[in-house]
**Student:** 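Structure in structure tokens, see below.
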Amino acid sequence: MYERMLEKSIRPNISNMIEWCGASEKLFSELEQFMTEVKHAQSEIRFPYGNCYGWCVTYRRNKKLLCDVFLECDAFNVMLRLSDDSFQKVYHSFTQYTQEQIDAKYPCGSGGWIHYRITNKEHLDDIMKLLELK
């Protein structure tokens, strides 16, 4: 469950990636639209962090990393970094699941990285609130 695209020698295109996320295809399409139309981000398909992470869609605006999205079977996982202050500004407006993801962040400087699996509309709404802070 939630297998990623790990075969480095087979470069996927965006259609392959959307198909890979299966039941979450519409959610990913909504995130893609949000990133390009609202955040004005450019996307790039990459294999950035090695065999455990696999292929992802990286979103940048003006060369600044906004997030990496790893497509999984029936889901996708958004990896992003925010400051502790940014997380705390909106912490209490989130679902318990999102709060747990923030609490378990990987610390980095005055903030941290979260790996947030999207499986439903509620998760998508929360991750888009976090991305608004970027």
**Student:** Let me check something: do Ile45 and Leu6 share a hydrophobic cluster, defined by ILVMFWY side-chain heavy atoms less than 4.5 Å apart, either directly or through other members?
**Tutor:**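 As far as the 4.5 Å side-chain criterion goes, Leu6 and Ile45 are not connected within one cluster.
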
**Student:** Please give me the minimum heavy-atom distance between Pro12 and Met5, naming the atom from each residue.
**Tutor:**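 That would be CB-CE, 3.6 Å.
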
**Student:** Do any N or O atoms from the side chain of Arg61 and from the backbone of Lys39 form a donor-acceptor pair under 3.5 angstrom?
**Tutor:** yes

**Student:** Using the six-membered ring wherever Trp is involved, compare the ring planes of Tyr53 and Phe70 and label them parallel, tilted or perpendicular (cut-offs 30° and 60°).
**Tutor:**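 It falls in the tilted class, 30° to 60°.
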
**Student:** Does a donor on one side chain and an acceptor on the other come within less than 3.5 Å for Asp126 and Tyr97?
**Tutor:**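 Distance-only check fails for Asp126 and Tyr97.
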
**Student:** Does Met79 form a side chain to side chain contact (heavy atoms under 4.5 Å, CB included) with Cys56? I'd like the steps, not just the answer.
**Tutor:** CA-CA 10 Å; Met79 185 175 86; Cys56 74; over 6 Å; no

**Student:** Any link between Val78 and Trp113 through a network of hydrophobic side chains (Ile, Leu, Val, Met, Phe, Trp, Tyr) touching at under 4.5 Å?
**Tutor:** no

**Student:** Is there a side chain to side chain contact (heavy atoms under 4.5 Å, CB included) between Leu31 and Leu131 once you walk through the steps?
**Tutor:** CA-CA 10 Å; Leu31 178 67; Leu131 287 164; 3.9 Å; yes

**Student:** Let me know which of Tyr2, Phe28, Trp55 forms a ring-ring contact (aromatic ring centres under 6.0 Å, His included) with Phe76.
**Tutor:** Phe28

**Student:** Could you give the distance from NZ (Lys105) to CG (Leu82), rounded to the nearest 0.5 Å?
**Tutor:**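 Here the interatomic distance stands at 10.0 Å.
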
**Student:** For Asp68 and Thr58, which I'm curious about, is there any donor-acceptor pair between the side chains at under 3.5 Å?
**Tutor:** yes

**Student:** I'd like to know if the side chain of Ser24 reaches the main chain of Leu27, judged simply by a donor and an acceptor atom lying under 3.5 Å from each other, with no hydrogens or angles considered.
**Tutor:**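 Answer holds: no.
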
**Student:** Show, in sequence, the C-alpha distance, side-chain angles and deciding distance for Phe87 and Gln101, and conclude whether the side chain to side chain contact (heavy atoms under 4.5 Å, CB included) test is met.
**Tutor:** CA-CA 11 Å; Phe87 281 125; Gln101 301 309 302; over 6 Å; no

**Student:** So which atom in Cys21 and which in Ala75 form the shortest heavy-atom distance, rounded to 0.1 Å?
**Tutor:** CB-O, 3.3 Å

**Student:** Within the structure provided, determine whether Leu130 and Ile114 are in side-chain contact (heavy-atom separation under 4.5 Å).
**Tutor:**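 Heavy-atom side-chain distance check passes, below 4.5 Å.
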
**Student:** Measure across Glu3 and Trp20 and return the closest heavy-atom pair with its distance rounded to 0.1 Å.
**Tutor:**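 In this case the closest contact between Glu3 and Trp20 is O-NE1, 2.9 Å.
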
**Student:** Looking only at side-chain N and O atoms, does Tyr91 offer a donor or acceptor that is under 3.5 Å from a partner on Asp103?
**Tutor:** yes

**Student:** State plainly whether the residues Lys129 and Asp125 are in salt-bridge range, i.e. N to O under 4.0 Å.
**Tutor:**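 Salt bridge between Lys129 and Asp125, a charged N being under 4.0 Å from a carboxylate O: no.
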
**Student:** Atom CZ of Arg60 and atom CD of Gln42: how far apart are they, to the nearest 0.5 Å?
**Tutor:** 10.0 Å

**Student:** Say whether, by atom type as modelled, one donor and one acceptor occur between the side chain of Asn62 and the main chain of Lys64 under 3.5 angstrom.
**Tutor:** no

**Student:** Should Cys67 and Lys134 count as side-chain neighbours, where that means a heavy-atom distance under 4.5 Å?
**Tutor:**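 No, every pair of side-chain atoms sits at 4.5 Å or beyond.
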
**Student:** Between Tyr49 and Met17, is there shared hydrophobic-cluster membership here, with clusters defined by ILVMFWY side-chain heavy atoms closer than 4.5 Å?
**Tutor:**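 Per the 4.5 Å side-chain linkage, Tyr49 and Met17 are not co-clustered.
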
**Student:** Calculate, to the nearest 0.5 Å, the distance between atoms SG and CD belonging to Cys73 and Glu19 respectively.
**Tutor:**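 Those atoms lie 10.5 Å apart.
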
**Student:** Rounded to the nearest 0.5 Å, what's the gap from CD1 on Ile127 to CG on Leu80? Could you check?
**Tutor:**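 So the gap between those two atoms works out to 4.5 Å.
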
**Student:** Take atom NZ in Lys89; do more than 12 heavy atoms of anything else shown fall under 6.0 Å from it?
**Tutor:**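 At most 12 heavy atoms, drawn from other residues, nucleotides or ligands, come within 6.0 Å of this atom.
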
**Student:** Verify the neighbour count for atom CD of Glu100: are there more than 12 heavy atoms of other residues, nucleotides or ligands below 6.0 Å?
**Tutor:**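 Enclosed: over 12 neighbouring heavy atoms sit under 6.0 Å from CD of Glu100.
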
**Student:** With clusters defined by side-chain heavy atoms of hydrophobic residues (ILVMFWY) lying less than 4.5 Å apart, directly or transitively, does Leu65 cluster with Val38?
**Tutor:** no

**Student:** Testing the basics here: between Ser43 and Glu32, what is the closest heavy-atom pair and its distance to 0.1 Å?
**Tutor:** OG-OE2, 4.3 Å

